[in-house]
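To start, the structure under review is shown below, and the notes come after it.
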Amino acid sequence: MSTTQGQSDPVGGGVRHALPPLTAGPHAKRLGTVALVATFGGLLFGYDTSVINGALEPMVVELGLTTLTEGVVTSSLLFGAAVGAISGGRLSDAWGRRKAILLMAVFFFVGALVCVFAPNFEVMVVGRVLLGLAVGAASTVVPVFLAELAPYEIRGSLSGRNEMMIVVGQLAAFVVNAIVGNVWGEYGGVWRIMLAVVTLPAVALFVGMLRVPESPRWLIDRGQYDEAVEVLKQVRSPERAEAEARQIADLTYEESKRENLDWRSILSNRWLRRILLVGIGLGVAQQLTGINSIMYYGQVILKEAGFADGTALVVNIAPGVIAVIGAFIALRMMDSFSRRKTFIIGFTLTTVCHLLIGLGSLLLPVGNPLRPWVILFLVVAFVGSMQTFLNVAVWVTLAEIFPLKMRAFGMGASVFVLWLTNAFLGLYFPTLVDALGITGCFFGFAVVNLLALAFVKSQVPETRGRTLEELEEAVTTGRIYDKAVRDFA
């Protein structure tokens, strides 16, 4: 294969294989359509995790939930997501990314119906666990599918569309909750309407994925080269498709000479073990920002700050709006701004926001008319910082950093731990608020965010501007951790 003369590659240590440039045309539109269909998984992810924000209070009354069972209903989806994340990755390796997403759509639909018609706490938990399995699989499989389908030049923005759809789903949940809660709030079972809405995008995801191709990288890894070329020709120019297929096949052939990477092989290799720990660390750091405590219990936090019930439902839309705006800005930055710098800026801003929320709740006593609005403003600032600089970048990076032979396992393990962290926060956050109040909780989040800042600054390498194959070579040789390579932007 030809190479670009004089174009050094600080990651791979040699020269980058030349690929024909991206061009406009029907193939580019087809790529956009495929990405849109797949990211309905992200939309469902966002809606299902956030609809509990407004549905929980009327559900507590109708199902007779206690403080403990309230936490169990919220966190059961998250514990299910932890299992779905690790099993979804393994399933997508065995069946293919496309079939895994189709199965995920079925779980979204069935889980939603079980929740809608749940007569008691026990059935509700079953439905939430089914939804969690789908959410966890979505969080693992969809970003990998998009990263493997995307040209490296726009991989960041294309993969980041999934996070964009997640926050759109969260905003949709907040809007539906506000409308349904304020219009039909006096009627029984209003929470069932909130939960039923999600069945529509679940059907759209299933029908859409029937017409979506398989990941070309997965096909080549399974020896289906001709099928992979045909897939690439749907989303690339013919010349680019052939060249990219050869590049993927060359690396896959070299990788085939090596032993398949099970978890023992990964843990016994110092470089693979390290990149796995980096992925897990990123997932944990993202959750310990406290973002999902606000997404799940935003109404509780705003009521604690001083808003009335109906008003809290409405103003709770503000974090959802800023989340969508932040995700849109993040997508614009993904292909032109360093991932590492994005993480450093993001954790700096979230640390400052948590400190200010803690100080605001400490200095403005309950009853002060400014208190709810100041805390709302700071919460919105935190969510905006998180979505602009961290959420999209974390999911994109997790889909990029693992070699092909361990990509599904690495992504699954990272997201498994991410969801476990999320689940325990969802389970115990109401108890923390009762025990420590807003002040103590957010001062605690500030300390954790400061530690996360130190972690990303010292351990997370740069991945922007490199093909997945170049990153694979750099990771498996350990060159990704050289300072010049790690800081490359």
Side-chain angles (χ1 to χ4, degrees), residues 38 41-42 44-46 48-49 74-108 110-111 125-126 128-148 159 162-163 166 215 217-218 221 260-269 272-288 292 391 394-427 475:
L44 290 157
F45 172 162
D48 279 320
T49 53
T74 301
S75 61
S76 56
L77 182 147
L78 309 175
F79 283 110
V83 176
I86 196 94
S87 58
R90 296 179 70 87
L91 184 67
S92 73
D93 268 355
W95 282 14
R97 319 308 191 205
R98 176 177 171 271
K99 289 181 180 177
I101 296 174
L102 281 168
L103 180 62
M104 182 180 74
V106 173
F107 271 71
F108 272 123
V110 174
V125 170
V126 171
R128 294 280 290 173
V129 169
L130 289 174
L131 286 175
L133 292 171
V135 165
S139 65
T140 302
V141 181
V142 174
V144 168
F145 176 70
L146 293 175
E148 292 183 346
S159 300
N162 189 56
E163 178 62 28
I166 290 172
S215 160
R217 285 177 169 82
W218 184 86
D221 192 49
N260 285 335
L261 297 178
D262 57 15
W263 66 270
R264 294 181 183 86
S265 303
I266 293 167
L267 295 181
S268 64
N269 182 301
L272 300 182
R273 184 171 64 245
R274 183 167 174 178
I275 203 67
L276 179 63
L277 292 175
V278 167
I280 290 172
L282 269 179
V284 171
Q286 184 208 39
Q287 291 306 303
L288 293 182
N292 284 320
N391 267 3
V394 166
W395 287 107
V396 169
T397 302
L398 287 179
E400 293 175 333
I401 59 176
F402 298 113
L404 179 62
K405 290 291 187 180
M406 66 169 292
R407 186 166 298 145
F409 175 84
M411 184 76 172
S414 299
V415 179
F416 173 75
V417 179
L418 178 155
W419 280 113
L420 279 182
T421 307
N422 190 344
F424 281 110
L425 278 176
L427 181 61
V475 167

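Note on residues 84-93: pairs passing salt bridge (charged side-chain N to carboxylate O under 4.0 Å, His left out), not counting sequence neighbours, are Asp93-Arg97. Every pair tested for salt bridge (charged side-chain N to carboxylate O under 4.0 Å, His left out) that includes a residue from residues 134-143 fails, sequence neighbours excluded, so the list is empty.
Across Ala134 and Phe107, no two heavy atoms sit closer than the pair CB-CB, 3.8 Å. The two atoms that bring Val125 and Ser76 nearest to each other are CG1-CB, 3.9 Å, heavy atoms only. Considering all non-hydrogen atoms of both residues, Asn162 and Pro143 come closest at ND2-CG, 3.8 Å. Across all their heavy atoms, Leu130 and Gly111 have their closest contact at CB-CA, 3.9 Å. The shortest non-hydrogen separation linking Gly46 to Thr49 is O-OG1, 3.2 Å. In terms of heavy atoms, Ala85 sits closest to Val415 at CB-CG1, 3.5 Å.
Taking CG of Leu272 as the reference point, atom CG of Leu277 lies at 11.0 Å (rounded to 0.5 Å). The distance from the CD1 atom of Ile166 to the CG atom of Leu44 is 10.5 Å, given to the nearest 0.5 Å. Atom OG of Ser92 and atom CZ of Phe145 lie 11.0 Å apart (nearest 0.5 Å). Residue Phe108 holds its CZ atom at 10.0 Å from CG of Leu133, rounded to the nearest 0.5 Å. Atom CG of Leu425 is separated from atom CG of Leu420 by 11.0 Å, given to the nearest 0.5 angstrom. In this structure, the separation between CD1 on Ile401 and CD1 on Ile275 is 4.5 Å, given to the nearest 0.5 Å.
In this structure, Arg128 has no salt bridge (Lys or Arg N to Asp or Glu O under 4.0 Å) partners at least two apart in sequence or on a different chain.
Aromatic ring pairs are classed by plane angle as parallel below 30°, tilted from 30° to 60° and perpendicular above 60°; the pair Phe79 and Phe424 is perpendicular.
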Practice prompt. Report the C-alpha distance between Gln286 and Trp395 in whole Å, list the side-chain angles of each, state the deciding distance to 0.1 Å, and finish with yes or no for side chain to side chain contact (heavy atoms under 4.5 Å, CB included).
Written response: CA-CA 10 Å; Gln286 184 208 39; Trp395 287 107; 3.2 Å; yes
Practice prompt. Start with the C-alpha gap between Glu148 and Ser215, add the side-chain angles, then the distance that decides, and say whether side chain to side chain donor-acceptor pair (under 3.5 Å) holds.
Written response: CA-CA 6 Å; Glu148 292 183 346; Ser215 160; 2.6 Å; yes
Worksheet item: Can you list the steps and then say if Val142 with Phe45 is a side chain to side chain contact (heavy atoms under 4.5 Å, CB included)?
Response: CA-CA 11 Å; Val142 174; Phe45 172 162; over 6 Å; no
Item to complete: Please assess Leu102 against Val106 for the test side chain to side chain contact (heavy atoms under 4.5 Å, CB included), listing each intermediate value before the final yes or no.
Response: CA-CA 7 Å; Leu102 281 168; Val106 173; over 6 Å; no
Item to complete: Just do the side chain to side chain contact (heavy atoms under 4.5 Å, CB included) check on Val278 and Phe402 with the steps written out, would you?
Response: CA-CA 10 Å; Val278 167; Phe402 298 113; over 6 Å; no
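You'll find the side chain of Ile86 stays beyond 4.5 Å of the side chain of Trp419, heavy atoms only. Between Ser414 and Leu282 the shortest side-chain heavy-atom distance does not fall below 4.5 Å.
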